[in-house]
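Following: one structure in structure tokens, then a few remarks.
All values reported here derive from a predicted model rather than from experimental measurement. Start at 1 and go down the list; that is how both ligands and their atoms are numbered.
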Amino acid sequence: MLTIVRSGAALGAEVRGVDLRALDEEAFAAIRRAWLDHQVLLIRGQLLSDDDLIRFSRRFGDLDAAPIQENGRRFVEGHPEIYVVSNVIENGVAIGSLGSGEAMWHTDMSYLADPPKASVLYAIEVPARGGDTGFCTMYGAWDALPGSLQRRIEGLRVKHDGTYNSGGYVREGVTPTNDPRTSPGALHPLVYTHPETGRRGLYLGRRRNAYVEGLPLEESDALLNEIWAFATAATLTWCHHWEVGDLVLWDNRCTMHRRDAFDADSRRVMHRTQIKSDTRSGIHRPCEHEV
Ligand code: SIN
């Protein structure tokens, strides 16, 4: 029987009693509701092929093509929707992205004008230690800001950098620059209303090369540093230690995530899908409510 067990942290819940290969409409609706309520869901013990992963992900909406990996490779043969996160090298070529180092806090693909609404990450091989993935709630981040800071940032937009990925690698085809005013990327409102839950949250993307539109660079950095300190407080996070067969689904509009480093000699292989936003979503809409 399907049950939802809260993580006990600021976000996150585990869904128990399901086989994602054989979900009826009622069970899917319960998972979808839990995903909106808890922002991140863990579903353990799955036995998914790439086709199963794609089929489950598609129930949430159309899938984005996977971003090109930093080494120029694109995707799993025959499955352009799957992004490989891995440190494994085969025949001298990395089979995936992000290596074995720390991946800094980020929201997936926020350097695009219309980033995915959700990501699904499935564990195929995991190290015994390290490589844990942490999540933080961007609703909680907004709520944690003092009123004066909320009022100050209302209506501001942030440039989300498209130069570096969260592992610090330069994206394929991009000339590296550390000036966020001229780097490739997309502008998004800093404060948004989630289009499905109606809750307000921050939309920060990545810290590196982020820039508050219209401010002198130093002022932008100081403001972003102040906001990021609130947003990534330990009280707003939940961390997951992976086992093979774990699937984690997150709402990319109201969370950020990061990953711990792990032993480079161990193997970690994860397959990820990205679900397109339904519309040009709440992230892009101006805020509707006064603080
Ligand atoms: C990601 O940033 O999508 C990957 C996170 C992870 O490797 O755990």
Side-chain angles (χ1 to χ4, degrees), residues 7 11-12 35 39-44 46 50 53-54 57 60 63-71 73-76 79 81-89 94-112 115-136 138 160-172 203-208 232 237-264 266-276:
S7 70
L11 74 171
W35 164 66
Q39 306 161 58
V40 186
L41 294 182
L42 163 65
I43 309 170
R44 290 191 185 274
Q46 302 301 305
D50 284 330
L53 176 61
I54 288 172
S57 305
F60 290 85
L63 303 187
D64 264 321
I68 302 175
Q69 294 173 185
E70 59 262 9
N71 62 8
R73 272 177 73 137
R74 206 177 177 106
F75 39 66
V76 178
H79 295 297
E81 306 90 342
I82 293 184
Y83 181 65
V84 183
V85 179
S86 184
N87 64 320
V88 172
I89 312 276
I95 66 163
S97 284
L98 304 185
S100 58
E102 178 183 353
M104 310 295 278
W105 284 114
H106 66 284
T107 300
D108 288 331
M109 296 156 74
S110 67
Y111 53 91
L112 301 178
K117 68 178 178 186
S119 297
V120 184
L121 190 62
Y122 179 61
I124 295 169
E125 292 185 68
V126 297
R129 276 179 305 285
D132 297 358
T133 305
F135 294 88
C136 69
M138 303 308 283
H160 292 238
D161 175 61
T163 310
Y164 300 98
N165 69 19
S166 47
Y169 300 96
V170 175
R171 290 183 195 283
E172 160 72 8
Y203 192 69
L204 293 177
R206 280 175 180 70
R207 178 63 191 89
R208 186 171 186 181
T232 57
T237 67
W238 169 70
C239 190
H240 176 56
H241 178 68
W242 292 92
E243 290 171 18
V244 170
D246 287 353
L247 179 140
V248 172
L249 159 72
W250 61 88
D251 189 330
N252 203 40
R253 300 163 291 191
C254 57
T255 62
M256 294 197 296
H257 55 283
R258 63 170 295 281
R259 184 198 71 197
D260 289 335
F262 56 98
D263 178 1
S266 59
R267 291 172 62 96
R268 187 176 189 270
V269 181
M270 322 284 280
H271 282 187
R272 192 186 84 188
T273 54
Q274 307 77 210
I275 299 148
K276 281 184 201 273

Do me a favour and list the nearest non-hydrogen protein atom to [atom] with residue, atom name and distance?
atom: atom 8 (O) of ligand 1; answer: Thr133 OG1, 2.5 Å
atom: atom 3 (O) of ligand 1; answer: Arg272 NH1, 2.9 Å
atom: atom 1 (C) of ligand 1; answer: His257 NE2, 3.5 Å
atom: atom 5 (C) of ligand 1; answer: Leu121 CD2, 3.9 Å

For ligand 1, which atoms sit closer than 4.0 Å to a heavy atom of [X]?
X: Asp108; result: 3 (O)
X: Arg259; result: 6 (C), 7 (O), 8 (O)
X: Val85; result: 7 (O)

Within the structure, is a non-hydrogen atom of Arg268 found at a distance of less than 4.0 Å from ligand 1? yes

Quick look: Met270 vs ligand 1, heavy-atom contacts under 4.0 Å, and the answer is neither

Would you tell me whether Tyr203 and Ser110 have side-chain atoms, one donor and one acceptor, within less than 3.5 Å of each other? no

Is any side-chain heavy atom of Asn87 closer than 4.5 Å to one of Phe262? yes

Beyond-backbone contact of Ile275 with Asn252, side-chain heavy atoms, under 4.5 angstrom: no

Residue pairs involving residues 121-134 (criterion salt bridge (charged side-chain N to carboxylate O under 4.0 Å, His left out); sequence neighbours excluded): Glu125-Arg267

For ligand 1, find out whether one of its N or O atoms is nearer than 3.5 Å to an N or O atom of His106. yes

Could you report the tightest heavy-atom contact between Thr232 and Thr237, atom names first, then the distance? O-CG2, 4.3 Å

I need the Gln274 CD to Asp108 CG distance, nearest 0.5 Å. 6.5 Å

Sorted by chain and number, sequence neighbours left out, side-chain contact (heavy atoms from CB on, under 4.5 Å) with Arg207 holds for Ala210, Asp221, Leu224, Asn225, Trp228

